Amino acid sequence: MEPLPVTLADRVVTDPDVARGYAVDHGPSAAAGRLPEGFTVVRARDRDDVQEVLRHAARHRIPVVPQGARTSTTGGAAALPDAIVLNVESLRSLEVDPDERIAITGPGVVNADLKAAAAAHDLAYPPDPASAGSCTIGGNVATNAGGLCCVKYGVTADYVRGLEVVLPGGEVMRTGRRTAKGVAGYDLTGLFVGSEGTLGVVTEVVARLVPAGDAPLTVLAVFPTLEATLAGVGVLRQLRPTPSLIELIDGPGLAAVQAYGDYGFPLDCGGVLLVQSDRAGHASEDMREYARALQRAGAEDVAVADDQAEADLLMAGRRVLNPALEAQGPRLVEDVCVPVARLGELVREVQEIAHRHGLRATSSGHAGDGNLHPCFFYDAADEASVAAAHAAFGDLVATAWRLGGTLTGEHGVGALKAPWLEGELGPAEMARQRAVKALFDPHGIMNPGRVYPAAG
Ligand SMILES: Cc1cc2nc3c(=O)[nH]c(=O)nc-3n(C[C@H](O)[C@H](O)[C@H](O)COP(=O)(O)OP(=O)(O)OC[C@H]3O[C@@H](n4cnc5c(N)ncnc54)[C@H](O)[C@@H]3O)c2cc1C
């Protein structure tokens, strides 16, 4: 690789062990222990550093991987061979304008820190991926992150008013606006939200804030069968006011949580639903209403949290779900999203596909949005098992399409799902999207091979 300008010398990570830490995210290459050759990690301190890296990279046609906190589950933030890994976690400026109800943040601000800054003004930044304690706003914007409360509040795109982006070559581009309204020109903010580092590097975000609700209260409902659990989701979706969270964990998922620690879940049930309300002044009332509806829907046990401490206890098992599943061994994490009415078919297919390929599987996630994260567990030391997991993964993508859904609800395409993207978009749309990328990234240096597979 052409040496970086000397002005960036102290931004380059020279310790190979530290650099290796920046080379992987939560995608499957980490489990496989594979590291590419010849990458360099640059920790930018400000926008000037980002510009300098992108100028250098464009001049010498060096691939660039923009990077936040590396919580990507799709391999989108992992190092590429002979690439610059451009980490922007240190760009952490954060300013809240309570009158305009916006926050202006650097891309490295952690999601939970933006929430806390908004809360200090009795405001809220709702998008809440389960990784909120570590993932960054830049990463959230780049993946259009969702999370647990999307069923009421929507996704990251609903809270981004404007962006500052550094393009390949170093040009600084501003999109969108700070004002509550604005329709001047094409919505390029929308184009960059969810672009997964394939167009440029986000260096500032204008985020919309909303009035804070109450601290959420929680209902936990235990169902005898998975079918009954999913019927419960349908019932909740009909209720007004809408719950602020509807999460599902199936029987095998509960077993994984209980193996991780005793969170009080039964092991002989079909699944549980966790449901919340944060409606200002009415959360307790909503809890009672949701509990009655869930009992009518067939729940055999319903626990209602009357205060914040109890609500936190009921949610504790959901919070450890990811580490609990991780502790079960290597897995491919799906992120399909289907119409909510077809969730039952999706979950049944997960088990059938797993059975067909001789794998174990769990289904859990954001049931209120029809967005689940089924996991297929495999033996990383056994090539046949790895191949079976990938085949199962592909079968589930095809199932999601058949049910009228999409291959990714919130984690993005990254490296993991790039081979399937054309199957969803079709060749004409794929060509149009590649042409849009070429407009911003004519030399194809931004996160190449991610989202859009390498041509040829
Ligand atoms: C335990 C766990 C739970 C999770 N739960 C959820 C969930 O509930 N909902 C959800 O949506 N996701 C979830 N995720 C996935 C992940 O946290 C999100 O995709 C998150 O938005 C990634 O943020 P990050 O800062 O870690 O970005 P990274 O992982 O570093 O990067 C993600 C992508 O964004 C690009 N990128 C990062 N920063 C920039 C930037 N400044 N400019 C341009 N491109 C950039 C990268 O190139 C990469 O393609 C979870 C992950 C884990 C490990």
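Owing to the predicted nature of the structure, the values given are computational and were not obtained by experimental measurement.
With a 6.0 Å cutoff to the six-membered ring centre and a 45° limit on the axis angle, Arg434 does not count as a cation-pi contact of Tyr452.
The pair Arg342-Glu349 does not meet the salt-bridge criterion, since no charged nitrogen lies less than 4.0 angstrom from a carboxylate oxygen. A salt bridge is absent between Asp49 and Arg45; no separation between the charged side-chain nitrogens and carboxylate oxygens falls under 4.0 Å. Look at Asp158 and Arg208 and you find no salt bridge, because none of the NZ, NE, NH1 or NH2 atoms lies under 4.0 Å from a carboxylate O. One finds a salt bridge joining Lys152 and Asp278 here, because a Lys/Arg side-chain nitrogen approaches an Asp/Glu carboxylate oxygen to under 4.0 Å. Electrostatic pairing of Arg450 and Glu196 does not count as a salt bridge here, judged by no charged N lying under 4.0 Å from a carboxylate O. Checked for salt-bridge contact, Lys417 and Glu424 miss the test: no charged N lies under 4.0 Å from a carboxylate O. Using a 4.0 Å cut-off between a side-chain N of Lys or Arg and a carboxylate O of Asp or Glu, Glu429 and Arg432 qualify as a salt bridge.
If you take CG on Asp307 and CG on Asp312, they are separated by 9.0 Å, rounding to the nearest 0.5 Å.
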Full working for side-chain hydrogen bond (donor to acceptor under 3.5 Å, both in side chains) between Tyr378 and Arg360: CA-CA 8 Å; Tyr378 59 91; Arg360 279 186 310 122; over 6 Å; no

Derivation and outcome, side-chain hydrogen bond (donor to acceptor under 3.5 Å, both in side chains), residues Asn111 and Asp128: CA-CA 7 Å; Asn111 177 298; Asp128 64 340; over 6 Å; no

side-chain hydrogen bond (donor to acceptor under 3.5 Å, both in side chains) between Asn322 and Glu326, intermediate numbers included: CA-CA 6 Å; Asn322 282 305; Glu326 217 162 81; over 6 Å; no

Check against salt bridge (Lys or Arg N to Asp or Glu O under 4.0 Å), Asp113 and Arg92: CA-CA 10 Å; Asp113 293 341; Arg92 281 195 209 125; over 6 Å; no

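Side-chain N/O atoms of Thr362 and Ser364 include no donor and acceptor closer than 3.5 Å. Inspection of the Thr156 and Asn140 side chains reveals no N or O donor paired with an N or O acceptor under 3.5 Å. For the 3.5 Å distance criterion, the side chains of Thr218 and Gln276 qualify, holding a donor opposite an acceptor. Checking Ser277 against Asp286 by side-chain atom types alone, a donor-acceptor pair falls below 3.5 Å. Between Thr73 and His411, the side chains place a donor N or O and an acceptor N or O closer than 3.5 Å (distance only, hydrogens not considered).
Inter-residue side-chain proximity for Val12 and Val41 is flagged as unmet; no heavy-atom pair is nearer than 4.5 Å. With contacts defined as side-chain heavy-atom distances shorter than 4.5 Å, the pair Leu86/Val50 qualifies. Proximity of Tyr263 to Gln258: side-chain heavy atoms (C-beta onward) are separated by under 4.5 Å at one or more points.
In this structure, the side chain of Asp369 does not engage the main chain of Asn371 through any donor-acceptor pair within 3.5 Å. Proximity of a side-chain donor or acceptor of Gln67 to a complementary backbone N or O of Val88 within less than 3.5 Å is not detected.
Taking all atoms of both residues into account, the shortest heavy-atom contact from Phe39 to Ala23 is CZ-CB, 3.4 Å. Residue Leu421 comes nearest to Val451 through the heavy atom pair CD2-O, 3.4 Å, listed as atom of the first residue, atom of the second, then distance. Shortest non-hydrogen contact noted between Cys150 and Val155 is SG-CG1, 4.0 Å. Shortest non-hydrogen contact noted between Thr74 and Val413 is CB-O, 3.8 Å.
Remark: Pro126 pairs with Cys149, Tyr153, Tyr159, Val210 by the side chain to side chain contact (heavy atoms under 4.5 Å, CB included) rule, at least two apart or across chains.
Aromatic ring centres of Phe192 and Phe440: separated by under 6.0 Å.
None of Thr136, Val193, Thr105 except one satisfies the side chain to side chain contact (heavy atoms under 4.5 Å, CB included) rule with Val141; the exception is Val193.
The aromatic rings of His373 and His366 stand perpendicular to each other, their planes meeting at an angle above 60°, with 30° marking the opposite boundary.
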